[in-house]
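The next block holds one structure in the form of structure tokens; read it before the comments.
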Amino acid sequence: MGACGGENEAGSNGGNADDGKITMGFAQVGAESGWRTANTKSIQEAAAAAGIDLKFSDAQQKQENQIKAIRSYIAQKVDVIAFSPVVESGWDTVLKEAKDAKIPVILTDRAVDSKDTSLYKTFIGSDFVLEGKKAGEWLVKEYQGKTDTVNIVELQGTTGSAPANDRKAGFGDVIKADPKFKVIASQTGDFTRAKGKEVMEAFLKANPKIDVLYAHNDDMGLGAIEAIEAAGKKPGVDIKIITVDAVKDGMTALAAGKINFIVECSPLLGPQLMDLAKKVVKGETVEQRVLTEETTFTPEQAKAALPDRKY
Ligand code: GYE
């Protein structure tokens with residue numbers, strides 16, 4: 001497995017060089033969470049298995065870095081560009097540059113808000129609104145028949161990202177039907193454990209009565225658990241916790257009763273991405289939207305699933 005393509009193609013940088021091998025430039029969001037680590041591994045392994053030459057960059061959660069990486073992939077004339085846009089807005093210019101260079105683009109995991117859908121070939125990933133709804137539905141069931149106010153704090157993902165926007169919207173949509181549910185604080189924890197802990201500490205200081213934490217990913221929930229325990233409270237009991245992702249550390253905390261419910265979001269997008277890339281490079285038409293299949297987990301279900309959990 002050669003690291004860089006184009007070695008036997010004199011003067012070429014891989015990419016459109018007609019060596020039969022597809023070169024993909026992938027601009028990753030960063031390494032902010034367990035989900036992201038599993039996603040990166042899935043993409044790297046699937047590329048190797050599919051014989052695709054992968055150029056990979058980590059944008060450290062900064063849009064400007066992703067734009068730079070995409071421009072460099074365009075300059076290198078890769079065959080296909082794939083990326084997971086850190087935020088939803090601000091992509092039209094660089095996507096237009098790729099289109100003008102006739103390099104197909106595939107969105108993975110997160111969406112863009114571009115009106116012109118001809119700027120990318122397809123978008124593969126989860127339905128984040130549905131994930132938020134599943135979180136809300138669990139809560140509604142959990143507090144069925146009760147009338148007391150339920151004080152909720154929310155740890156949002158990266159500001160402006162599709163999963164933060166949509167998980168907030170889906171959850172809000174479901175719980176607004178019952179006025180006993182009150183979101184008393186909602187702030188970003190940037191999808192990281194450290195920020196989740198820090199923001200939860202502030203929530204705990206400012207709010208004497210918190211019944212529920214809804215965290216947009218496991219990592220922020222895990223950080224918050226540290227803050228809750230440090231404040232002398234029992235996570236999962238004194239404060240009920242709902243998270244999204246279902247990575248191993250999250251599932252372990254769920255099985256231990258520190259988290260009460262996890263909505264699954266699959267990071268294993270690699271194999272499907274490589275299939276789509278091959279089709280798109282051949283000029284075949286593909287579906288504009290490819291959805292990931294996902295479930296939810298209770299503590300009992302987490303216990304059963306953990307032994308086989310790959311990430
Ligand atoms: O939930 C979170 C990660 O975009 C679905 O990003 C992804 C989210 C995931 O940092 O853990």
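Remember, it's 1-based here, ligands and their atoms both numbered in the order they're listed. What's counted below: heavy atoms across the whole structure, side chains too, no hydrogens, waters or symmetry copies.
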Q. Is there a donor in the side chain of Ser72 and an acceptor in the side chain of Gln76, or the other way round, less than 3.5 Å apart?
A. yes
Q | Neighbouring residues of ligand 1, heavy-atom cut-off under 4.0 Å | A | Glu32, Ser33, Trp35, Arg36, Asp109, Arg110, Phe128, Pro163, Arg167, Phe191, Asn217, Asp245, Cys265
Only distances under 3.5 Å count here; give the side-chain donor-acceptor pairs of residues 297-304 to other protein atoms, sequence neighbours excluded, each with its distance to 0.1 Å.
| unit_1 | atom_1 | unit_2 | atom_2 | d |
| --- | --- | --- | --- | --- |
| Thr298 | OG1 | Gln301 | N | 3.3 |
| Thr298 | OG1 | Gln301 | OE1 | 3.2 |
| Glu300 | OE2 | Lys303 | NZ | 3.3 |
| Gln301 | OE1 | Thr298 | N | 2.8 |

(Q) Can you confirm whether the side chains of Ser186 and Gln156 place a donor and an acceptor under 3.5 Å from each other? (A) yes
Q) Is Lys68 positioned over the aromatic face of Tyr73, cation under 6.0 angstrom from the ring centre and no more than 45 degrees off axis? A) no
Q: Verify the distance criterion only: is there a donor paired with an acceptor across the side chains of Asp116 and Ser114 at less than 3.5 Å?
A: no
Q. When you check the side-chain N and O atoms of Thr243 and Asp218, is any donor under 3.5 Å from an acceptor?
A. yes
